Engineer: 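Below you will find the structure I want to go over with you.
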Number of protein chains: 2
Amino acid sequence: MSAVTIRDVAQAAGVSLSSVSRALNGGKHVSARIARDVAAAADRLGYQPDFTARSLRTRTSGMVGCLVSDIANPLNATIVRAAEARLRDAGYLLVVASTGNDPARERTAAIAFRGRRLDGLLVAPGSNANAKTWRDLGAAGTALVIVDRDPLEEDGDVSWPAVLVDHRAGAMAATRYLIGLGHRRIALLTADAEMRPSRERIAGFQEAFAEAGIDPAGAQLCLQSSPMDFAHGDALALLRDGGLHGSGRPTAIVALGTRILAGVLRAARDSGLSVPDDLSVVSVGDTDLAAVHTPAITALRWSLEDVGRAAAELLLQRLRGDAGQTQNRALLPVDLVLRDSCAPPKTI
Amino acid sequence: MSAVTIRDVAQAAGVSLSSVSRALNGGKHVSARIARDVAAAADRLGYQPDFTARSLRTRTSGMVGCLVSDIANPLNATIVRAAEARLRDAGYLLVVASTGNDPARERTAAIAFRGRRLDGLLVAPGSNANAKTWRDLGAAGTALVIVDRDPLEEDGDVSWPAVLVDHRAGAMAATRYLIGLGHRRIALLTADAEMRPSRERIAGFQEAFAEAGIDPAGAQLCLQSSPMDFAHGDALALLRDGGLHGSGRPTAIVALGTRILAGVLRAARDSGLSVPDDLSVVSVGDTDLAAVHTPAITALRWSLEDVGRAAAELLLQRLRGDAGQTQNRALLPVDLVLRDSCAPPKTI
DNA sequence: CACATTCTTGAAATCGTTTCCAGTAACCTT
DNA sequence: AAGGTTACTGGAAACGATTTCAAGAATGTG
């Protein structure tokens with residue numbers, strides 16, 4: 001029961017409210033005697049400042065928001081944890097909200113955040129439908145950092161600080177590797193082609209084909225048709241029906257994301273294809289599933305901890321107002337972890 | 001830039017501040033004319049209430065906290081998501097913090113929460129070291145709901161509202177099933193024996209042995225010795241050295257948790273044992289890994305969504321102050337999902 | 001020693017709401 | 001029609017901090 005306010009401390013220490021405030025905030029213009037007395041009184045009474053009142057006056061809350069499509073997604077969850085750890089050390093609380101990539105929910109969350117005066121926001125927008133919302137938030141004084149999404153607005157005018165992952169280089173490395181093994185028909189299975197990560201990966205995938213001077217028709221893109229079965233059906237069709245354009249079934253699949261990897265592995269099993277003898281598989285994103293599966297799945301890996309940390313760091317720089325030396329980009333590398341799920345294609 | 005306050009609305013509508021407040025909060029004692037005018041003015045000006053100021057006056061924040069050991073743990077993350085969804089619908093924001101089961105961090109988080117006037121708290125304490133902290137928080141008016149942890153304080157005086165999972169029944173069902181298949185030497189591999197979930201599972205495990213009237217020496221408990229390798233080493237020792245007490249290696253393993261399951265599966269592979277022919281495996285907790293692994297792993301499953309939802313529901317009941325009809329326990333069932341990782345033991 | 005400058009200090013204003021309190025108007029009831 | 005109850009309404013007082021301002025004390029300077 002912390003009914004003890006700054007007023008009580010003032011009374012106990014026999015000084016005025018203003019002096020207590022100054023003393024507690026370590027400000028200048030306080031005599032040593034008062035500083036000592038106030039500290040003692042505050043300690044004795046167990047005073048805890050009321051952030052609500054402070055927020056009202058200072059227009060800062062000591063809280064930052066985090067807006068992602070789904071906090072339960074292990075990728076996001078890890079990022080959130082790392083960001084939370086860094087922010088907590090800096091004295092901030094983290095408020096989270098899942099948007100399900102729904103622009104309307106993004107907007108209502110943004111409004112709720114602004115109403116609570118959140119100082120900053122880490123956000124992975126599900127689309128660029130809410131550009132105006134972010135701009136408004138920025139204008140209202142909220143520091144904004146984009147996480148692994150397009151940092152540029154459509155018109156290219158505004159660019160937000162952002163933490164980006166080099167998905168393009170990663171996808172290129174994986175594709176190069178498969179091409180190097182002799183694969184010529186490789187399918188890329190992805191949930192959407194809209195958002196930055198997928199778009200960049202697709203670009204890297206195709207770039208690798210171009211670079212190798214190989215028939216780009218072998219680079220098969222397959223968008224997940226139904227989000228329900230995690231691409232299980234799509235993978236099945238791909239493997240059974242001899243490929244998308246009748247060009248023969250792919251000898252290798254690059255699966256974007258944990259759930260899709262699961263769908264692909266089930267599909268391979270259902271089709272009686274063995275990995276890696278009949279089908280090479282690369283997972284984009286390294287998870288328990290990829291690491292422990294038999295055979296262990298070759299995967300693209302990047303550090304989610306680093307993403308979260310970097311995002312928090314960028315945000316903290318703005319919150320502290322480190323004018324001048326604020327960077328506004330972080331580009332994190334992607335590694336190809338070689339395991340046992342890839343082999344040269346069987347000559348048919 | 002929301003510099004528009006209730007004062008501006010009052011001016012625009014030509015009424016007093018108090019009337020605006022009453023009108024906006026849908027209170028009684030407002031004439032239809034004023035209600036209409038105020039709504040119109042607020043709408044026109046784009047008024048958004050300032051929760052900071054409101055909080056100061058009403059002593060409520062519209063936020064609830066969530067304190068778990070690790071938000072990135074898929075189990076917690078799913079619970080958090082479900083709780084967040086329910087709470088968001090009710091107009092609350094969710095503040096998260098990871099404690100790493102460290103009592104000191106729990107305490108500082110609790111202080112930060114109280115300073116921000118959080119209305120409620122979902123918490124999965126890492127120990128009962130902080131009983132006093134929770135009691136203080138409760139005394140300060142914070143609604144508290146315990147998630148899958150002991151709801152009773154050590155002295156048994158106070159009992160918190162709690163969402164519990166019937167881990168005991170689940171473990172019994174799994175053990176019964178293995179015993180029914182003919183297994184007599186079954187190992188239970190777990191990270192700790194302290195916290196409620198593990199304790200209950202161990203109890204259920206032993207109860208099943210007692211029930212079957214079988215030599216309880218076959219029920220081997222193995223605590224994870226090093227958290228680093230996710231019980232890989234422990235599992236290896238168990239499988240190689242012919243069991244814990246020289247009583248022969250277990251023919252079945254029940255692995256508590258995703259990471260431990262991964263360790264066990266790696267250990268089985270490393271020992272050249274095939275699942276389920278040489279070793280039956282049951283996973284406690286159903287994950288992608290368990291579902292997609294070859295062979296698919298029989299698992300104990302409970303709905304994390306239900307846990308999160310139920311926790312939010314319990315909390316909301318208290319927040320709304322539904323006196324009388326507030327339940328303070330929810331007990332959620334655990335199901336045994338039969339897959340391909342269990343078989344009768346080979347007669348040696 | 002007189003005067004200017006800097007340091008401390010407390011009173012009061014402020015942040016944006018909600019809510020208590022009184023005052024007025026409207027509506028019943030007999 | 002008079003008195004009593006009830007419904008609205010606006011002024012003002014919270015809520016608990018920070019910050020501005022002006023006054024007083026202390027110090028420095030010529």
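Throughout, a chain's letter reflects where its sequence line sits, starting with A, and its residues are numbered from 1. Since the structure is predicted, the reported quantities are computational estimates derived from the model, not experimental observations.
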Engineer: Side chains of residues 63-71 of chain A: which donor-acceptor pairs under 3.5 Å do they make with residues two or more places apart or in other chains?
Structural biologist:
| unit_1 | atom_1 | unit_2 | atom_2 | d |
| --- | --- | --- | --- | --- |
| Asp70(A) | OD1 | Ala72(A) | N | 2.8 |
| Asp70(A) | OD1 | Arg81(B) | NH1 | 3.1 |
| Asp70(A) | OD2 | Arg81(B) | NH1 | 2.9 |

Engineer: Is the number of heavy atoms from other residues, nucleotides or ligands under 6.0 Å of Arg7(A) CZ greater than 12?
Structural biologist: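 Check fails, neighbour count at 12 or below.
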Engineer: Could you list the protein-to-nucleotides 25-28 of chain D atom pairs, N/O on both sides, closer than 3.5 Å?
Structural biologist:
none

Engineer: Whole angstrom is fine here: how far is it from NE2 in His29(A) over to C1' in dG10(C)?
Structural biologist: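 Going from NE2 in His29(A) over to C1' in dG10(C) covers 15 Å.
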Engineer: Over all heavy atoms of both residues, which pair between Ala140(A) and Arg114(A) is shortest? Give the atoms and the distance, please.
Structural biologist: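 Minimum heavy-atom separation between Ala140(A) and Arg114(A): CB-CD, 3.9 Å.
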Engineer: With the threshold set at 4.0 Å, does a side-chain nitrogen-carboxylate oxygen contact exist between Asp306(B) and Arg309(B)?
Structural biologist: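 The answer is yes: the pair qualifies as a salt bridge.
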Engineer: Mind listing the closest non-hydrogen atom pair of Arg54(B) and Pro49(B) along with its distance?
Structural biologist: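 Nearest pair, atom of Arg54(B) first, then Pro49(B): NH2-CB, 3.4 Å.
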Engineer: Would you find more than 12 non-hydrogen atoms of other residues, nucleotides or ligands less than 6.0 Å from Gln11(A) atom CD?
Structural biologist: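 Count not over threshold, so no.
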Engineer: Between Leu304(B) and Leu75(B), what is the shortest heavy-atom contact and its length?
Structural biologist: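 Heavy atoms of Leu304(B) and Leu75(B) come nearest at CD1-CA, 3.9 Å.
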Engineer: Output all residues satisfying side-chain contact (heavy atoms from CB on, under 4.5 Å) with Ala35(B), sequence neighbours left out; order by chain, then residue number.
Structural biologist: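 Applying side-chain contact (heavy atoms from CB on, under 4.5 Å) to Ala35(B) gives Val30(B).
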Engineer: In this structure, how many angstroms lie between the P atom of dT9(D) and the CG atom of Asp37(B), rounded?
Structural biologist: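 For the pair Asp37(B) CG and dT9(D) P, the rounded distance is 10 Å.
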Engineer: If we fit an axis to the first five pairs and another to the last five of the helix from dC1(C)-dG30(D) to dT30(C)-dA1(D), what angle do they make, to the nearest 10°?
Structural biologist: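 Axis angle across the helix from dC1(C)-dG30(D) to dT30(C)-dA1(D), nearest 10°: 40°.
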Engineer: Look at the side chain of Arg318(B) and the backbone N and O of Leu144(B), then say whether any donor-acceptor pair between them is shorter than 3.5 Å.
Structural biologist: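 Pair absent, no side-chain N/O of Arg318(B) close to backbone of Leu144(B).
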Engineer: Distances under 3.5 Å only, N/O to N/O: pair up the protein atoms with those of nucleotides 12-19 of chain D.
Structural biologist:
| unit_1 | atom_1 | unit_2 | atom_2 | d |
| --- | --- | --- | --- | --- |
| dA14(D) | N3 | Arg57(B) | NH1 | 3.2 |
| dC15(D) | O3' | Arg59(B) | NH1 | 3.3 |
| dG16(D) | OP1 | Arg59(B) | NH1 | 3.2 |
| dG16(D) | OP1 | Arg59(B) | NH2 | 3.1 |
| dG16(D) | N2 | Ala53(A) | O | 3.3 |
| dA17(D) | OP1 | Tyr47(A) | OH | 2.7 |
| dA17(D) | OP1 | Asp50(A) | N | 3.0 |
| dA17(D) | OP2 | Ile6(A) | N | 2.4 |
| dT18(D) | OP1 | Asn25(A) | ND2 | 3.0 |
| dT18(D) | OP1 | Arg54(A) | NE | 3.3 |
| dT18(D) | OP2 | Ser21(A) | OG | 2.6 |
| dT18(D) | O2 | Arg57(A) | NH1 | 2.4 |
| dT19(D) | O4' | Arg57(A) | NH1 | 3.3 |

Engineer: Ignoring hydrogens and angles, write down the donor-acceptor pairs under 3.5 Å from the side chains of residues 17-24 of chain B, residues two or more places apart or on other chains.
Structural biologist:
| unit_1 | atom_1 | unit_2 | atom_2 | d |
| --- | --- | --- | --- | --- |
| Ser18(B) | OG | Ser16(B) | OG | 3.3 |
| Ser19(B) | OG | Ser16(B) | OG | 3.3 |

